[in-house]
Amino acid sequence: MFNKRIKIKDLLKMEPGLSGVVVMGWVRTFRNNQFIALNDGSTNANIQVVAELGQFDENTLKRLTTSSSIKVIGNLIASPGKGQTVEIHATHIEILGDSDPEKYPLQPKKHSLEFLREIAHLRFRTNTFGSVFRVRHSLAFAIHKFFNEKGFVYMNTPIITASDAEGAGEMFHVTTLPIGKPPVNENGQVDYTEDFFGKATNLTVSGQLEGELGATAFGDIYTFGPTFRAENSNTTRHLAEFWMIEPEMAFHDLEDNMNLAEDFIKYIIQHAVDNNLDDLQFLDQRLAEEEKLLPTDKRSEMGLLEKLNFVLTNQFERITYTEAIDILLASPAYKKKKFQYDVKWGIDMQSEHERYLVEKHFKKPVIVTNYPKDIKAFYMRQNDDGKTVAAMDILAPGIGEIVGGSQREERLDLLTQRMNEMNIPTEELWWYLDTRRFGTVPHAGFGLGFERMVLFVTGMTNIRDVIAFPRTPKNAEF
RNA sequence: UCCUCAGUAGCUCAGUUGGUUAGAGCAUCUGACUGUUAAUCAGAGGGUCACUGGUUCAAGUCCAGUCUGAGGAGCCA
């Protein structure tokens, strides 16, 4: 019977004077042959367990090594020491699992994030990753809470898909055909009619098209699931497997879409601030210490909590693509030829351009709308000017694009015309086009990269540090 | 995929123009101390210098290739 244990997070809030308290956890440090800093993952704060000298046998005390797991029964008392208000005087200590200190890789000292990535199975036991993953949980919970409160239906779109129509990137192939000698048709090509699904299939790059099918029946839906891109991307903000939130709303236009996205982002940040303040404070401090090592001009102007509060209390800047280009053309950076890539109407803005807008010019999240149709996807609604589409990207400081969305093209003729122009096969997407044939409605939606959101809220700088077991090129350990 | 940088003890790093037996801090172990807060003090153990090949009397150090990691770019969320 283990469930009598009290979680350390709750225990630390209790009044001293309790006897027979049961706690279990992993030893962080054992000082002076007497003081155990015990952690159970419920919070970064440890409970100090005091094993009074002479009360416990030598053999047990020897086994109190870093990350050994123990069960403690004792009395919660006011601590005479300085570092904590309460502590447990142990009457009983039981070793549940030993941890060989010669072999255990985590030591009571600072480790680099790169090293911890190599022992991703153990890194949750550090303060940094403890905080990051508790915040990640909190954000995930807030996402469901937000949409549930608004009456959205949570929809699970398929992971394996036969459509590669969206062109969102390179896909991972899914097949049960033998790799060495697959069946071949008359033209010498792999014969996918022999494959498991009778056609070529891939891991999904987006649930949006299926999401639209849900939205045009339920009104409002959202997806929250894994997404896969086989791009050979080696950056601090790309993963081959990541989680994406994709709401899709019928009877919504671009402005509704922007309003929802902004409310949504603020809501989940607020939830984390309300429920995980101690973790965010720890991450705030961690970031501040890390930034001390950077040259002054590379440091962020705001601390983590300051930045989150700033986002919560300020409106996101909303500008059109055309206005964005004008700002860039008028910028000192452009005039001094600081940009590596040229700026003119029609370009797909480069990282340096987006960073300038967000980090230098506005210094807050920016929503850019109405992009040229030629640099955007086929399903985005064409504006009356014939040149732009009703798209919106939200750019966040330090992260770049965190949300990409649009009002969808609901007019069948314009949609098929655009698909033909862009060589998207209309026959394969017959089911998608059916939504425009039978009771089509104006609708809109967006996709938000969950890990990028977690990056933003935790102040971490590498996306591999905000997902438990990152999948990146040449890395699928664990 | 491209560009740049890196790979030396469990970790973080030093290692001079190529030259004896490759060093430090932390961690670990042993002992001392015992109300400590990453405890402190003393001592000890710990290395295929990423891998393969080459140059040289001699390579951790120079050259080539490979692998791995990091940062930036592209692609994007």
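Below, all heavy atoms of this structure are taken into account, side chains as well, without hydrogens, waters or symmetry copies. Order of the sequence lines fixes the chain letters, A, B, ..., with proteins taken first and strands second; residue numbering starts at 1 for each chain.
Side-chain contact between A/R418 and A/E421: present, with at least one pair of heavy atoms (C-beta onward) separated by less than 4.5 Å. Side chains of A/L38 and A/Q48 form no contact here, defined as non-hydrogen atoms less than 4.5 Å apart.
Across all strands, A/L106 comes closer than 4.0 Å to no nucleic acid atom at all (heavy-atom distances). Among the heavy atoms of the strands lying under 4.0 Å from A/H238 is at least one base atom, whether or not backbone atoms are also near. Counting non-hydrogen atoms under 4.0 angstrom, A/E354 reaches nothing in the nucleic acid. As judged by a 4.0 angstrom heavy-atom cut-off over every strand, A/N46 is placed among residues making no nucleic acid contact. Backbone-only engagement by A/K474 is indicated by non-hydrogen atom pairs under 4.0 Å involving sugar-phosphate atoms exclusively. Among the protein residues, A/T235 comes within range of the nucleic acid bases, having at least one heavy atom under 4.0 Å from a base atom. Using a 4.0 Å heavy-atom cutoff across all strands shown, A/S233 reaches at least one base atom of the nucleic acid. Residue-level contact check: A/Y341 touches the backbone only, with heavy atoms under 4.0 Å from sugar-phosphate atoms and none from bases. Within 4.0 Å of A/E352, counting heavy atoms only, lies no atom of the nucleic acid at all. If you check every strand for non-hydrogen atoms under 4.0 Å, A/R117 touches sugar and phosphate atoms only. At the heavy-atom level, A/T227 lies nowhere under 4.0 Å from the strands shown. The residue A/F242 sits close to a base: some heavy atom pair falls under 4.0 Å. Counting any heavy atom pair closer than 4.0 Å across all strands shown, A/Q340 reaches no nucleic acid atom. Within the 4.0 angstrom heavy-atom criterion, only backbone atoms of the sugar-phosphate kind lie near A/P101; the bases stay farther away.
The side chain of A/N462 contributes an N or O atom lying less than 4.0 Å from OP1 or OP2 of B/rG71. Phosphate proximity of B/rU12 to A/S112: present, with a side-chain N or O under 4.0 Å from OP1 or OP2. Note on A/R464: a side-chain N or O is less than 4.0 Å away from OP1 or OP2 of B/rG71. OP1 and OP2 of B/rU34 both lie 4.0 Å or more from every side-chain N or O belonging to A/N32. Between A/Q350 and B/rG74 there is a side-chain N or O to OP1 or OP2 distance below 4.0 Å. Under 4.0 angstrom from either OP1 or OP2 of B/rC33 there lies no side-chain N or O belonging to A/R31.
A distance of about 47 Å separates the C1' atoms of B/rG45 and B/rU1, rounded to the whole Å. B/rG25 and B/rG46 are spaced 15 Å apart, taking the C1' atom of each and rounding to whole Å. With C1' as the reference atom, B/rA39 and B/rC26 are 15 Å apart, rounded to whole Å. B/rC11 and B/rA38 have their C1' atoms separated by 14 Å, given to the nearest Å. Distance noted for atom P between B/rU52 and B/rG60: 13 Å (whole Å). Taking atom C1' on both nucleotides, B/rG35 is separated from B/rA42 by 23 Å, rounded to a whole Å. For the P atoms, the distance linking B/rC57 with B/rG74 amounts to 50 Å, nearest Å. Atom P of B/rC49 sits at a distance of 14 Å from the matching atom of B/rU21, rounded to the whole Å.
Contact annotation: side chain of A/Q48 to base of B/rU36, donor-acceptor pair present below 3.5 Å. Residue side chain A/E114 does not reach the base of B/rG69 through any donor-acceptor N/O pair under 3.5 Å, judged by distance alone. A donor-acceptor contact under 3.5 angstrom links the side-chain atoms of A/N234 to the base of B/rU1.
Base-pair partner of B/rU37: not found among the strands shown (Watson-Crick or G-U wobble, both distances under 3.5 Å). Applying the Watson-Crick and G-U wobble criteria (two distances, each under 3.5 Å), B/rU16 pairs with nothing in any strand. Pair assignment for B/rC29: B/rG43, on the basis of Watson-Crick or G-U wobble contacts that are both within less than 3.5 Å. Across the strands present, B/rG74 finds no partner; the criterion is a Watson-Crick or G-U wobble pair with both atom distances under 3.5 angstrom. In a base pair of the Watson-Crick type (N1 to N3 plus N6-O4 or O6-N4) or a G-U wobble (N1-O2 and O6-N3), with each distance short of 3.5 Å, B/rU61 is matched with no nucleotide. Across all strands shown, B/rG7 forms a Watson-Crick or G-U wobble pair, both distances under 3.5 Å, with B/rC67. B/rU55 is unpaired under the criterion used here, namely a Watson-Crick or G-U wobble arrangement in which both key atom distances are under 3.5 Å.
Between A/Y222 and A/H144, the distance from one ring center to the other falls under 6.0 angstrom. Taking the six-membered ring wherever Trp is involved, the centroid distance between the rings of A/F450 and A/F242 does not fall below 6.0 Å. Residues A/F147 and A/F264 bring their aromatic ring centres within 6.0 Å.
Listed nucleotides B/rG35, B/rC11, B/rC75 differ in distance to A/Q84; the shortest reach to its side chain belongs to B/rG35. Relative to the side chain of A/P108, the nucleotides B/rG71, B/rG10, B/rU28 differ in distance, and B/rU28 lies closest. Set against B/rG35, B/rA73, B/rA39, the side chain of A/T29 has B/rA39 as its closest nucleotide. In this structure, the nucleotide among B/rU28, B/rG74, B/rA27 sitting nearest to the side chain of A/K109 is B/rA27. Among B/rC76, B/rC11, B/rU34, the nucleotide with an atom closest to any side-chain atom of A/L53 is B/rU34.
Residues A/K363 and A/E301 are paired through a salt bridge, judged by an N-O separation under 4.0 Å between the basic side chain and the carboxylate. Salt bridge absent: A/E352 and A/R355 never bring a charged side-chain N and a carboxylate O closer than 4.0 Å.
Evaluation of the ring-ring contact (aromatic ring centres under 6.0 Å, His included) test over residues 29-86 of chain A, restricted to residues two or more places apart or in two chains, returns none.
Using the six-membered ring where Trp is involved, A/F469 and A/F124 have ring planes that are perpendicular, over 60° apart on the 30 and 60° scheme.
For the pair A/V50 and A/E451, nearest-nucleotide mapping onto RNA chain B gives the more 5' position to A/V50. Taking the nucleotide of RNA chain B with the nearest heavy atom to each of A/T472 and A/F115, the more 5' of the two is matched to A/F115.
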